[in-house]
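In what follows, every chain begins at residue 1, and chains take the letters A, B, ... in the order their sequences are listed. Quick note: numbers below take in every heavy atom, side chains included, and nothing from hydrogens, waters or symmetry partners.
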2 protein chains.
Amino acid sequence: MSRSVARENTRLDLARHAARLFLSKGVADTTGDEIAAAAGVATRTLWRHFRSKESAVEPLFAQSSLRFAAILRRWPRNLSIEELFAANLGPDNQAAEDTADDILVVRLLARLPEEPALRSAWLMSCQIGEEHLIEIIAERLDRPSGEFEVRLCAATVTAAIRIVDETVSLAAVKHGLKTTTAEVNAHLAQAIRRASTLPFCDPVTPRIWPTSGGE
Amino acid sequence: MSRSVARENTRLDLARHAARLFLSKGVADTTGDEIAAAAGVATRTLWRHFRSKESAVEPLFAQSSLRFAAILRRWPRNLSIEELFAANLGPDNQAAEDTADDILVVRLLARLPEEPALRSAWLMSCQIGEEHLIEIIAERLDRPSGEFEVRLCAATVTAAIRIVDETVSLAAVKHGLKTTTAEVNAHLAQAIRRASTLPFCDPVTPRIWPTSGGE
DNA sequence: CATTAAATGTCACTTAGTGACAGACTAATC
DNA sequence: GATTAGTCTGTCACTAAGTGACATTTAATG
């Protein structure tokens, strides 16, 4: 196993244990020592991987948003966002382990109102996701990634994704609302569509126009 | 002077000293003791007002966004956002002390790329601003403030404001770019317009239609 | 197997942040 | 004007968060 992958695994393992402790005892009543002990590493190792105990859950958020970004990066130029989601999003399209992590994320998001420390970790993760989205939108629309319009669009779309995530998580955990994957996908696609300031949700013209013959 | 106003003044004073220290020495090299000493209060008082040293600058962010929200709350229903900004936004429309605070905010925002700790405080402040914006939009459009569409719109608009603030601050501090108030206002209004998912930027029909006679 | 570089553990240390109590200030009440 | 009650502050002892330095282990590579 590659070195950096092992490192990422350690971080994820710490993140999972941190999340479970935060969920069961609250952030304030969980110490760094406990998180490290639960993960079976020295306390010093925890602080080597994370600047603060709250940020220890960030790898969970990051993993989710990275999987989402990976789907967007493979987005065929002739597909709408609804078609993309229908074919790629949901528990049927990922490993069971990833779904378990997603559930942890959902439970954490449901705690945001009571746990400001978690909110800060969540917002920082959204920020990372926003930077990925900048690249994705720039690539799909053939625009420079430094452009203001592109960054604006990435920010509004990220905000929409965040609101949907928070809303769905809160509804699921606090009100026991069962939503189907199709419903969540539709909800998410619609929110992104409304939020986007650039037309990247529909098929876009290919970078190189198809030709029947040679050059 | 009211009790809670005195409290807010203490917080603002601490925030200003914290901001100056963060700007001159960086966040990591500034201790809580130093911030408290600069403001002339006991260290314990600092921790009573703020959960962490980074969050000590939040009152500065909060004050700016509160002034902005106050302008939006007084927004006449027959005015466009451009007209509102032209008449209310800019250094001519506020106290010199407030403008000095705004300059501190701009300089802090210019440091976000190098100071992740500040970014977290900034994002948390934007979150508060977003909640104000929910009320403002709900009120202007005569919709319930709990509605998903309203919260979505507030989130995308807040994202737009955030991006403009960050962009303008970075351009001003790092590249010495001088932008006129009118330019910033136009930039901001346009970004908000593009980001908004609900039509609150233009005149809206008054809640009660004007009548010439009695009821 | 030897080498090397990165990850981890151990321990001493500084800084962040809290609990508890005592004193000071303010505002209302008599 | 004294009283009283409530909130804010300072002092001090304390726990928890987080770092620096150095030894040790681990895993990839030749």
Side-chain angles (χ1 to χ4, degrees), chain A residues 1-59 62 114-122 124, chain B residues 1-59 62 114-122 124:
Chain A
M1 182 183 319
S2 147
R3 211 59 192 246
S4 60
V5 171
R7 184 181 168 80
E8 204 43 49
N9 282 345
T10 307
R11 286 172 59 86
L12 252 174
D13 198 46
L14 278 163
R16 293 193 187 104
H17 282 102
R20 292 203 190 92
L21 284 165
F22 289 167
L23 287 170
S24 68
K25 320 185 2 172
V27 177
D29 289 342
T30 303
T31 69
D33 283 340
E34 287 175 301
I35 300 171
V41 299
T43 306
R44 187 64 182 87
T45 301
L46 172 69
W47 301 128
R48 249 193 276 270
H49 285 283
F50 304 104
R51 302 186 207 80
S52 66
K53 65 176 176 180
E54 307 88 50
S55 67
V57 297
E58 282 180 19
E114 310 110 72
E115 295 276 14
L118 286 184
R119 166 143 262 144
S120 144
W122 167 236
M124 290 296 274
Chain B
M1 183 183 320
S2 146
R3 212 58 191 250
S4 58
V5 171
R7 184 180 170 83
E8 202 44 49
N9 283 344
T10 307
R11 287 173 57 87
L12 251 175
D13 198 45
L14 278 164
R16 293 192 187 105
H17 283 101
R20 292 202 191 94
L21 285 166
F22 289 167
L23 286 171
S24 67
K25 320 188 359 171
V27 178
D29 289 342
T30 304
T31 68
D33 283 341
E34 288 174 300
I35 300 172
V41 299
T43 306
R44 187 65 181 87
T45 301
L46 172 68
W47 302 128
R48 249 193 276 270
H49 284 284
F50 304 104
R51 306 188 209 80
S52 65
K53 64 175 175 180
E54 307 87 51
S55 66
V57 296
E58 282 180 20
E114 311 109 70
E115 295 277 14
L118 286 184
R119 166 143 261 144
S120 142
W122 168 237
M124 289 296 276

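- A/Ser55 comes within 4.0 angstrom of nothing in the nucleic acid, heavy atoms only.
- Put simply, CD on A/Glu8 is 17 Å from P on C/dA6, counting in whole angstrom units.
- A donor-acceptor contact under 3.5 angstrom links the side-chain atoms of A/Arg48 to the base of C/dG9.
- The CG-P distance, from B/Asp33 to D/dG10, rounds to 13 Å in whole Å.
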Start with the C-alpha gap between A/Phe50 and A/Arg11, add the side-chain angles, then the distance that decides, and say whether side chain to side chain contact (heavy atoms under 4.5 Å, CB included) holds.
-> CA-CA 8 Å; A/Phe50 304 104; A/Arg11 286 172 59 86; 3.7 Å; yes
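- With contacts defined as side-chain heavy-atom distances shorter than 4.5 Å, the pair B/Val27/B/Glu54 qualifies.
- Atom-to-atom, CZ of B/Arg7 to P of C/dC25 comes out at 18 Å; the value is rounded to the nearest Å.
- Regarding contacts with the backbone of C/dT8, a side-chain N or O of A/Thr10 is found under 4.0 angstrom from either OP1 or OP2.
- B/Thr43 comes within contact range of no nucleotide atom at all, as no heavy-atom separation falls under 4.0 Å.
- Atom pair B/Ile35:CD1 and C/dT15:C1' shows a separation of 12 Å (rounding to whole Å applied).
- The minimum heavy-atom distance linking A/Leu14 with A/Leu46 is given by the pair CD2-CD1, 4.0 Å.
- Among the nucleotides C/dA16, C/dA7, D/dG18, the one closest to the side chain of B/Thr31 is C/dA16.
- In this entry the distance linking CZ of A/Arg51 with C1' of C/dA16 reads 17 Å, nearest Å.
- The distance between atom CG of A/Asn9 and atom P of D/dT26, rounded to the nearest whole Å, is 18 Å.
- D/dG18 atom P lies 16 Å from atom CG of B/Asp29, rounded to whole Å.
- For the OP1/OP2 pair of D/dC8 and a distance below 4.0 Å, the side-chain nitrogens and oxygens of B/His49 include no atom meeting the criterion.
- Contact between the side-chain N/O atoms of B/Thr45 and the OP1/OP2 oxygens of D/dG10 is found at a separation under 4.0 Å.
- In this model, a side-chain donor or acceptor of A/Arg44 finds a partner on the base of D/dG20 within 3.5 Å.
- Going from atom CG of A/Leu12 over to atom P of C/dA7 covers 16 Å, rounded to whole Å.
- When each of B/Lys25, B/Lys53, B/His17 is checked for a side chain to side chain donor-acceptor pair (under 3.5 Å) with B/Glu34, only B/Lys25 meets the rule.
- Both A/Gly32 and B/Gly40 sit near DNA chain D, but only B/Gly40 has its closest nucleotide nearer the 5' end.
- Within the 4.5 Å cutoff, no side-chain heavy atoms of A/Arg119 are placed close to those of A/Glu115.
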